[in-house]
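None of the values given here were measured: they were computed from a predicted structure.
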Amino acid sequence: MNHSEMTSALNDLLTRSYDAVKGYEEAANEVNHLQLRQWMHNNAENRKTFISELENQIKNLGGTPDRGSSFLSSLHRIWIEYKANITDGDEAVLEECIRGEERAVEDYDKVLNNVTFDTSINSILTRQRNDIKESLNSLRAIESTLAVTQ
């Protein structure tokens with residue numbers, strides 16, 4: 001696989017990370033549940049680390065890192081705000097966060113299974129995917145506490 005294909009795959013994950021940061025920062029303003037809001041702030045910070053790591057790897061491959069979020073992500077954030085306002089806000093936002101994290105794991109799996117990177121990049125991507133999986137597990141734990149308190 002050539003550098004262009006590798007940087008393209010990394011830029012896809014980079015855009016997803018930008019989307020996640022923006023989404024979590026905006027969604028944190030929509031929820032009342034303290035633990036969920038803290039989870040969002042923590043994950044936004046974690047994804048900022050992902051962004052830095054991905055940008056470095058793209059530059060090392062001679063590519064140019066993308067610098068923004070996707071149009072579909074903007075629509076999704078509007079949808080979350082709408083759902084939060086017409087339904088039980090915390091639960092609706094939580095469900096969308098779970099869906100987004102599941103999609104992120106799928107995206108990382110797709111890249112890891114279809115693109116051959118050197119060991120160091122592969123290690124970074126595997127760690128990031130595993131971090132997202134752990135984050136998803138903690139989000140599901142919040143989901144069960146949210147269900148109990150309602």
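- Residues passing the side-chain hydrogen bond (donor to acceptor under 3.5 Å, both in side chains) test with Lys48, sequence neighbours excluded: Glu25, Glu45.
- Without hydrogens or angle criteria, Ser123 side chain to Thr119 main chain gives no donor-acceptor distance under 3.5 Å.
- Here the side chain of Glu5 pairs a donor or acceptor atom with the backbone of Asn2 at under 3.5 angstrom.
- Side-chain contact annotation: Glu134 with Asn130, donor-acceptor N/O pair under 3.5 Å absent.
- Ser138 contributes atom OG, which lies 8.5 Å from atom CG of Asn42 (distance to the nearest 0.5 angstrom).
- Crowding of Arg127 atom CZ: a count of heavy atoms from other residues, nucleotides or ligands under 6.0 Å exceeding 12.
- Between Asp90 and Leu36, the shortest heavy-atom contact is O-CD2, 3.8 Å.
- Using a cut-off of 4.0 Å between Lys/Arg side-chain N and Asp/Glu carboxylate O, Asp12 and Arg16 are scored as not salt-bridged.
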*Quick one: do Leu125 and Leu54 satisfy side chain to side chain contact (heavy atoms under 4.5 Å, CB included)? Show the steps, please.*
CA-CA 9 Å; Leu125 297 180; Leu54 292 167; 3.7 Å; yes
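- Cluster annotation: Leu61 is connected to Phe50 through the hydrophobic network of ILVMFWY side chains, with a link wherever side-chain heavy atoms come within less than 4.5 Å.
- Of the inter-residue distances, the one linking Ile58 atom CD1 with Leu14 atom CG reads 5.0 Å to the nearest 0.5 angstrom.
- Ile98 and Trp39 fall within a single hydrophobic cluster, where Ile, Leu, Val, Met, Phe, Trp and Tyr are joined by side-chain heavy atoms under 4.5 Å apart, directly or via other members.
- Annotation: the span from Leu13 atom CG to Asp19 atom CG amounts to 11.5 Å, rounded to 0.5 Å.
- Contacts of Asn60 classified as side-chain contact (heavy atoms from CB on, under 4.5 Å), with partners at least two apart in sequence or in another chain: Gln57.
- For the residue pair Asp66 and Tyr18, the shortest heavy atom distance occurs at O-CE1, 3.4 Å.
- The CD atom of Glu143 sits 9.5 Å away from atom CG of Leu136, with the distance rounded to the nearest 0.5 Å.
- Residue pairs meeting the salt bridge (Lys or Arg N to Asp or Glu O under 4.0 Å) criterion with at least one member in residues 111-121: none, sequence neighbours excluded.
- Counting all heavy atoms, side chain and backbone alike, Arg37 lies closest to Val31 at NH2-O, 3.3 Å.
- Counting heavy atoms from C-beta on, the side chains of Met40 and Asn43 never come closer than 4.5 Å.
- No option in Arg47, Arg140, Glu101 other than Glu101 meets the side chain to side chain donor-acceptor pair (under 3.5 Å) test with Ser135.
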*Could you walk me through whether Gln35 and Gln38 pass side chain to side chain contact (heavy atoms under 4.5 Å, CB included), step by step?*
CA-CA 5 Å; Gln35 191 177 7; Gln38 188 60 49; 5.7 Å; no
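- Ion pair Arg99/Glu102 not flagged as a salt bridge, since none of the NZ, NE, NH1 or NH2 atoms sits closer than 4.0 Å to an Asp/Glu carboxylate oxygen.
- Residues His33 and Thr145 are in side-chain contact: their nearest non-hydrogen atoms beyond the backbone lie under 4.5 Å apart.
- When all heavy atoms are compared, the tightest approach of Ile132 to Val105 is CG2-CG2, 3.6 Å.
- To the nearest 0.5 Å, atoms NZ (Lys59) and CG (Leu10) are separated by 13.5 Å.
- Among Gln128, Arg129, Lys133, the single residue meeting the side chain to side chain donor-acceptor pair (under 3.5 Å) criterion with Tyr108 is Gln128.
- Annotation: the span from Thr126 atom OG1 to Ile121 atom CD1 amounts to 11.5 Å, rounded to 0.5 Å.
- Residue Asn122 comes nearest to Phe117 through the heavy atom pair N-CB, 4.1 Å, listed as atom of the first residue, atom of the second, then distance.
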